[in-house]
Asks: 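I'd like to ask some things about the structure below.
Letters A, B, ... mirror the listed sequences (proteins, then strands); counts begin at 1. All values derive from a computational prediction rather than experimental measurement.
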Protein chains: 2
Amino acid sequence: MAHASAQRGKATRQRLLDAAVALVSEVGWGGVSTRLVAERAGVAPGVVHYHFPSVTDLLVAAGLGFTGDLLDGFAAELAARAEIGEGVDWMLGELSRYSGTDPASLLVVEMFLASTRVPELRVRLREQLVTFRARVASWLTERGYRGEDALGAATMLAASVDGMLLHRALDPDFDLAAMAGPLRTMLGL
Amino acid sequence: MAHASAQRGKATRQRLLDAAVALVSEVGWGGVSTRLVAERAGVAPGVVHYHFPSVTDLLVAAGLGFTGDLLDGFAAELAARAEIGEGVDWMLGELSRYSGTDPASLLVVEMFLASTRVPELRVRLREQLVTFRARVASWLTERGYRGEDALGAATMLAASVDGMLLHRALDPDFDLAAMAGPLRTMLGL
DNA sequence: GATCGACTTGGGCAACTGTCCAAATAGTAC
DNA sequence: GTACTATTTGGACAGTTGCCCAAGTCGATC
């Protein structure tokens with residue numbers, strides 16, 4: 001092999017990314033420090049700036065990796081449903097697994113917020129979102145969506161999901177089941 | 001008068017609250033420091049801890065004051081509309097004034113996020129939200145909402161609004177007008 | 001053996017943080 | 001004048017921050 005140290009380096013880099021994902025959820029985007037992420041990854045503080053130009057760069061890379069995987073998985077699951085109603089049911093079931101205060105939800109909201117202050121993050125997160133909306137829209141169309149604007153409905157759907165997560169974080173009694181009616185009505189079911 | 005200094009004190013306190021509201025939007029909840037907020041308010045750093053036990057207490061008080069006023073105004077405007085359709089139109093028009101990256105929107109999202117780590121903030125912000133949802137639900141009912149669960153619809157509506165703000169922050173091309181269709185359908189119009 | 005490259009270490013640096021507090025200020029009451 | 005209260009000042013304190021870097025480790029190659 002080329003260099004064994006290069007392989008170890010890749011592994012270290014990945015551990016830093018994983019640690020960053022976990023820590024953004026726990027202490028917030030701005031609460032992740034060089035030493036904290038290094039300790040969590042089990043490496044010396046200096047390693048962080050060897051693998052990444054700055055702490056922000058590490059957080060951007062880690063966050064985008066996470067949301068990219070999340071959206072891909074979400075779109076793939078939707079694609080596996082033969083009817084829109086089935087998809088909505090699956091979606092609400094899936095949504096119930098995210099309390100709004102779980103690590104994944106917190107990371108997503110942190111990224112929305114950080115993207116207003118980190119231009120590169122905003123651009124790339126937007127790309128992921130635009131792609132996702134398009135995939136949902138074509139899924140709707142292929143399943144016989146009867147409304148005029150499938151992309152509009154997909155956009156509304158994606159925004160609603162994040163809004164519900166946001167409100168669920170605040171309100172443990174948030175009635176997710178009660179959302180099924182309005183959601184189905186919105187999609188013409 | 002009792003004490004002129006007490007009156008000056010109240011004014012200073014208010015300037016600190018105003019400065020905190022502005023700064024949370026600009027630099028984020030975690031980015032507001034003692035000296036930064038003092039400088040913005042035009043006072044010495046020590047004043048902050050004279051009027052508030054901690055910087056967090058200042059931020060909580062400032063944020064809750066802002067969202068309380070915002071939700072009150074929003075509910076009052078809705079109440080002034082005779083029909084649900086009118087209310088939705090007004091809402092979308094109002095929403096277009098919030099880009100998602102404007103100070104008010106950013107403050108709201110910052111508060112959602114901070115509330116996951118500041119218990120007192122979560123409890124009181126939730127109270128404001130629950131009250132707001134109830135006001136919207138009774139507004140819907142009084143205007144002849146035909147669905148089964150007005151509170152569910154109000155909850156979905158409030159969550160959707162915040163979700164749209166979140167997504168609009170990321171995507172300047174977010175088509176608000178295209179949301180009118182799905183929204184009206186959701187409310188049975 | 002020696003040499004090379006990639007990676008890792010741990011400490012140094014200036015700048016910043018929240019909180020505290022002795023001292024100063026100023027308006028009110030006697 | 002003195003006494004009292006409320007507010008304000010600016011510096012002190014220990015702790016943390018991002019980033020940097022000389023020195024070190026370690027496996028691969030000659």
Asks: What ring-ring contact (aromatic ring centres under 6.0 Å, His included) pairs are there with at least one residue in residues 138-157 of chain B, not counting sequence neighbours?
Replies: none
Asks: Please report the interatomic distance CG(A/Leu71) to OG1(A/Thr131), rounded to the nearest 0.5 Å.
Replies: 9.0 Å
Asks: Can you list, pair by pair, the side-chain donor-acceptor contacts under 3.5 Å of residues 164-178 of chain A, counting residues two or more places apart and other chains?
Replies:
| residue | atom | partner | partner atom | Å |
| --- | --- | --- | --- | --- |
| A/His167 | NE2 | B/Asp162 | OD2 | 2.4 |
| A/Arg168 | NE | A/Tyr98 | O | 3.0 |
| A/Arg168 | NH2 | A/Ser96 | O | 3.2 |
| A/Arg168 | NH2 | A/Tyr98 | O | 2.9 |
| A/Asp171 | OD1 | A/Asp173 | N | 3.0 |
| A/Asp171 | OD1 | B/Arg126 | NH1 | 2.3 |
| A/Asp171 | OD2 | B/Arg133 | NH2 | 2.4 |
| A/Asp175 | OD1 | A/Ala177 | N | 3.3 |
| A/Asp175 | OD1 | A/Ala178 | N | 3.4 |

Asks: Can you tell which of B/Arg117, B/Arg122, B/Arg124 makes a salt bridge (Lys or Arg N to Asp or Glu O under 4.0 Å) with B/Glu120?
Replies: B/Arg124
Asks: Hey, could you give me the CG/CG distance between B/Leu23 and B/Asp18, rounded to the nearest 0.5 Å?
Replies: 11.0 Å
Asks: List the residues meeting ring-ring contact (aromatic ring centres under 6.0 Å, His included) with A/Phe74, not counting sequence neighbours, and say none if there are none.
Replies: A/Trp90, A/Phe132
Asks: So if I take residues 14-24 of chain B and measure heavy-atom distances to DNA chain D, which residues fall below 4.0 Å?
Replies: none
Asks: Show the distances under 3.5 angstrom between N or O atoms of the protein and N or O atoms of nucleotides 11-17 of chain D.
Replies:
| residue | atom | partner | partner atom | Å |
| --- | --- | --- | --- | --- |
| D/dA12 | N6 | B/Arg35 | NH2 | 3.3 |
| D/dT17 | OP1 | A/Ser33 | OG | 3.1 |

Asks: B/Glu127: what forms a side-chain hydrogen bond (donor to acceptor under 3.5 Å, both in side chains) with it, not counting sequence neighbours?
Replies: none
Asks: What are the residues of residues 111-123 of chain A, sorted by number, that bring a heavy atom to within less than 4.0 Å of DNA chain D?
Replies: none
Asks: What is the distance, to the nearest angstrom, from the NZ atom on A/Lys10 to the P atom on C/dT8?
Replies: 12 Å
Asks: Once side-chain hydrogen bond (donor to acceptor under 3.5 Å, both in side chains) is applied, do any residues pair with B/Thr67, and if so which ones, sequence neighbours excluded?
Replies: B/Gln128
Asks: Strictly by side chain to side chain donor-acceptor pair (under 3.5 Å), give each pair with a member in residues 31-52 of chain B just once, sequence neighbours left out.
Replies: B/Glu26-B/Arg40
Asks: Is it the case that over 12 heavy atoms from other parts of the model lie below 6.0 angstrom from the CD atom of A/Glu83?
Replies: no
Asks: Would you please name every residue forming a side-chain hydrogen bond (donor to acceptor under 3.5 Å, both in side chains) with B/Arg8, sequence neighbours left out?
Replies: none
Asks: Could you tell me which residues satisfy side chain to side chain contact (heavy atoms under 4.5 Å, CB included) with A/Ala61, sequence neighbours excluded, listed by chain and number?
Replies: A/Leu17, A/Phe52
Asks: If you take any heavy atom closer than 4.0 Å to DNA chain D, which residues from residues 47-65 of chain A end up in contact?
Replies: A/His49, A/Ser54, A/Val55
